[in-house]
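Every number for a ligand or one of its atoms is a count from 1 in the order of the listing.
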Amino acid sequence: MTGILQLLLLVSATVASEPSCPACSKYDYEEKVLERIIRMEFAFEKVLKENKAVSKTVEQDLTRFKEENERLHATVDALKDQHERAERRLVSLMGEFERNQSSTLERTVSDSNTTLEQTIAAFNGKKDQIAIPLVYFHAHSPQTSSLSTGEVIVYKTVETNDGNGYSPTTGKFTAPVRGLYLFFMHTCTPSNNYAFLHIVKEGTVLIATSHYDKDYYTCSSSQAIVQLEAGETVWVQSSSGASNRILNEDHPYRWTSFSGVLLHN
Ligand SMILES: *[C@@H]1O[C@H](CO)[C@@H](O)[C@H](O)[C@H]1NC(C)=O
Ligand SMILES: *[C@@H]1O[C@H](CO)[C@@H](O)[C@H](O)[C@H]1NC(C)=O
């Protein structure tokens with residue numbers, strides 16, 4: 001653009017300075033015009049050259065802009081890709097986290113269940129040890145009705161003998177397990193006869209009774225509660241023997257009897 005303006009100014013300057021002198025020769029005039037035309041050609045060529053240089057610079061600038069633009073586009077695309085990848089990773093991590101949470105929860109529930117089941121099993125195992133075993137006997141009908149001093153009463157009819165502690169051969173009860181026991185004896189005599197009986201543990205008297213009625217066939221009861229080690233024995237014995245020391249059974253249920261039960265172990 002600058003080049004074209006310069007050219008126009010040059011042309012107008014040339015036209016403006018055409019000779020007005022009538023004395024000048026035609027040849028002289030033509031020579032001057034030619035000279036100017038040549039100068040104009042030079043000037044024009046110079047302007048063209050400058051123009052070319054300018055347009056080359058502009059072209060280079062444009063190329064740079066284009067390249068820059070492409071680089072920017074590429075950067076933006078890369079950022080977009082990166083963003084999308086990050087978003088996808090986040091979504092997948094969130095999914096994994098949720099799955100992990102629920103599987104952790106399942107594991108916790110299942111572990112608790114296992115622990116609970118083990119506790120229940122252990123408890124059931126202990127329960128059998130803790131529970132009081134069944135030890136109970138009831139025997140009646142003494143082998144002999146007339147009593148002698150120190151005689152162990154052997155109740156020969158066994159109604160019950162859970163735990164097998166009572167022996168109808170010896171009349172003695174042997175504790176199968178350690179524990180607190182209750183013993184009970186029921187003593188009946190014919191009228192006008194006596195009975196002097198003891199419940200004895202290993203030879204030590206736990207309780208004594210004396211029983212007598214002048215007119216009737218009567219019965220009385222005695223109880224003893226005692227702690228026994230396994231294997232210790234308890235029995236009933238007479239502390240006095242004579243011809244009027246007689247035990248009696250005159251009725252199907254009016255039994256002269258001996259019983260015992262484990263209360264606590
Ligand atoms: C999911 O659990 C696995 C295995 O325990 C672990 O490696 C991973 O980091 C967990 N993922 C998440 C998101 O918590
Ligand atoms: C716990 O264990 C029992 C017995 O195996 C099973 O029947 C029950 O479904 C379990 N409960 C849970 C919550 O897993």
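Using cut-offs of 30° and 60° on the angle between ring planes, the pair Tyr194 and Phe196 is parallel.
Paired with Phe173 under the rule ring-ring contact (aromatic ring centres under 6.0 Å, His included), one option of Tyr155, Tyr181, Phe184, Phe258 passes, and it is Tyr181.
Those atoms of ligand 1 that come under 4.0 Å of a heavy atom in Asn100, given as number and element, are 1 (C), 2 (O), 3 (C), 8 (C), 10 (C), 11 (N), 12 (C), 14 (O). Atoms of ligand 1 found under 4.0 Å from any heavy atom of Phe97 (numbered from 1 in listed order, with element): 13 (C), 14 (O).
Nearest heavy atoms, Glu202 versus Gly231: OE2-O, 4.2 Å.
Counted by atom type alone, Asn161 and Tyr136 present zero donor-acceptor pairs between their side chains at under 3.5 Å.
Within a 4.0 Å radius of atom 12 (C) of ligand 1, the protein contributes one or more non-hydrogen atoms. Less than 4.0 angstrom separates atom 5 (O) of ligand 1 from none of the non-hydrogen atoms of the protein.
A salt bridge is absent between Asp111 and Arg107; no separation between the charged side-chain nitrogens and carboxylate oxygens falls under 4.0 Å.
The residue among Arg99, Gln101, Glu96 with a heavy atom at the shortest distance from atom 8 (C) of ligand 1 is Glu96.
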